[in-house]
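For reference, the structure is listed below as structure tokens.
Letters A, B, ... mirror the listed sequences (proteins, then strands); counts begin at 1.
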There are 2 protein chains.
Amino acid sequence: MEQRIERIKKQLHSQSYKLTPQREAVVRVLLEHEEDHLSAEDVYMLVKEKYPEIGLATVYRTLELLTELKIVDKINFGDGVSRYDLRKEGATHFHHHLVCLECGAVDEIQEDLLGDVEKIVEQRWKFDIKDHRLTFHGICHRCNGR
Amino acid sequence: MEQRIERIKKQLHSQSYKLTPQREAVVRVLLEHEEDHLSAEDVYMLVKEKYPEIGLATVYRTLELLTELKIVDKINFGDGVSRYDLRKEGATHFHHHLVCLECGAVDEIQEDLLGDVEKIVEQRWKFDIKDHRLTFHGICHRCNGR
DNA sequence: TATTGTTATGATAATCATTATCATTTGACA
DNA sequence: TGTCAAATGATAATGATTATCATAACAATA
Ligand SMILES: [Mn+2]
Ligand SMILES: [Mn+2]
Ligand SMILES: [Zn+2]
Ligand SMILES: [Zn+2]
């Protein structure tokens with residue numbers, strides 16, 4: 001955790017941004033909820049527990065900054081809010097998601113299953129892929145198992 | 001075109017909805033812009049040309065209805081608006097998209113490239129896939145060709 | 001150390017896409 | 001023709017995000 005924060009700090013510095021206490025508090029919340037898909041409001045609530053004087057605007061600004069630096073990915077599951085997803089360290093691609101239509105759970109696939117597909121797209125469509133988004137909608141194993 | 005509308009009419013009737021003049025006007029605009037990815041506001045503007053007395057709320061309601069019936073897919077490319085994408089007739093899957101980071105163009109891949117990937121996901125994650133969303137972000141062939 | 005300039009912050013107002021409300025209209029049917 | 005449910009259009013309300021602006025933090029410099 002501390003090392004992870006240290007590396008994020010370096011990433012910020014390399015673009016001449018500072019890791020202010022507010023920014024660090026936001027990053028800590030994201031790290032502590034790595035599995036989840038928090039909205040800005042979610043992050044705000046959680047940060048306030050440890051850092052009550054933070055402002056909502058600062059949370060939005062920090063999340064925007066982290067998105068720019070590709071430390072988090074901003075994603076939209078179709079409910080009205082953007083959600084923020086910490087990128088696994090060293091991950092070159094955005095992981096995939098499984099959204100359950102029954103219970104609403106969002107599971108993650110960390111493995112990259114798109115290697116072959118991307119080769120085809122690059123060749124046939126002459127498209128230079130930088131990133132991707134892949135989400136499956138269906139029934140999760142928990143809801144199915146009955 | 002007329003036959004396509006006729007079939008959509010039947011689809012509505014089968015769920016005991018009517019194809020009102022307003023709804024038909026919306027469907028016509030979608031058909032005339034099959035390649036595009038129109039927002040509700042876009043659709044509203046275009047429908048007004050032929051049907052000036054239509055209300056914005058009706059456009060939203062119609063698009064919602066068409067989404068429910070899986071005649072269109074609602075998609076979000078990360079600018080602040082939802083966009084509506086007519087499903088190709090008989091298509092069982094939502095087609096894929098190529099978003100150019102340079103010029104902003106959105107191209108489509110009608111072919112389903114996810115067959116093998118979906119088999120793996122269904123088996124390994126015990127997830128019953130009903131639909132998917134796949135978008136690639138990168139540089140399109142036009143921007144790359146220079 | 002005092003001064004200056006830049007960056008970040010927090011409170012709050014503004015924006016804007018979408019949804020809710022409600023009176024009115026339409027059209028099917030008795 | 002009268003009745004009823006569904007659909008519509010105008011408009012208000014909502015709610016997430018962004019803009020604004022005065023203040024704070026802080027580094028660099030004199
Ligand atoms: Mn995720
Ligand atoms: Mn499309
Ligand atoms: Zn489930
Ligand atoms: Zn391009």
Margin query: Rounded to whole Å, how long is the line connecting atom CD of B/Glu24 with atom C1' of C/dG27?
Written below: 16 Å

Note to self: Using the side-chain heavy atoms of A/Tyr51, tell me which of these nucleotides is nearest: C/dG10, C/dT18, D/dG9.
What the structure shows: C/dG10

Item checked: Nearest-Å distance for atom pair CD/P, residues A/Glu41 and D/dT17 -> 9 Å

Next item on the list: Can you label the angle between the B/His132 ring and the B/His93 ring as parallel, tilted or perpendicular, going by 30° and 60°?
Entry: tilted

Margin query: Please pick, from D/dT8, D/dT17, C/dT7, the nucleotide with the shortest atom-to-atom distance to any side-chain atom of A/Lys18.
Written below: C/dT7

Next item on the list: Using a heavy-atom cut-off of under 4.0 Å over every strand shown, decide if B/Ser82 touches base, sugar-phosphate, or nothing.
Entry: sugar-phosphate

Item checked: Nearest-angstrom distance from the residue atom CZ of B/Arg61 to P of C/dT26 -> 15 Å

Notebook entry, point to check: Of A/Glu32, A/Glu24, A/Glu34, which is the lone residue that meets salt bridge (charged side-chain N to carboxylate O under 4.0 Å, His left out) with A/Arg4?
Noted result: A/Glu34

Item checked: Spacing between B/Glu68 atom CD and C/dT19 atom P, to the nearest angstrom -> 12 Å

Next item on the list: Please state how far atom CZ in A/Arg23 lies from atom C1' in C/dG10, giving the value in whole angstrom units.
Entry: 14 Å

Notebook entry, point to check: With no hydrogens and no angle check, do the side chains of B/His95 and B/Asp73 hold a donor and an acceptor under 3.5 Å apart?
Noted result: no

Next item on the list: Using only heavy-atom distances, determine whether the side chains of A/Asp85 and A/His97 contain a donor-acceptor pair under 3.5 Å.
Entry: yes

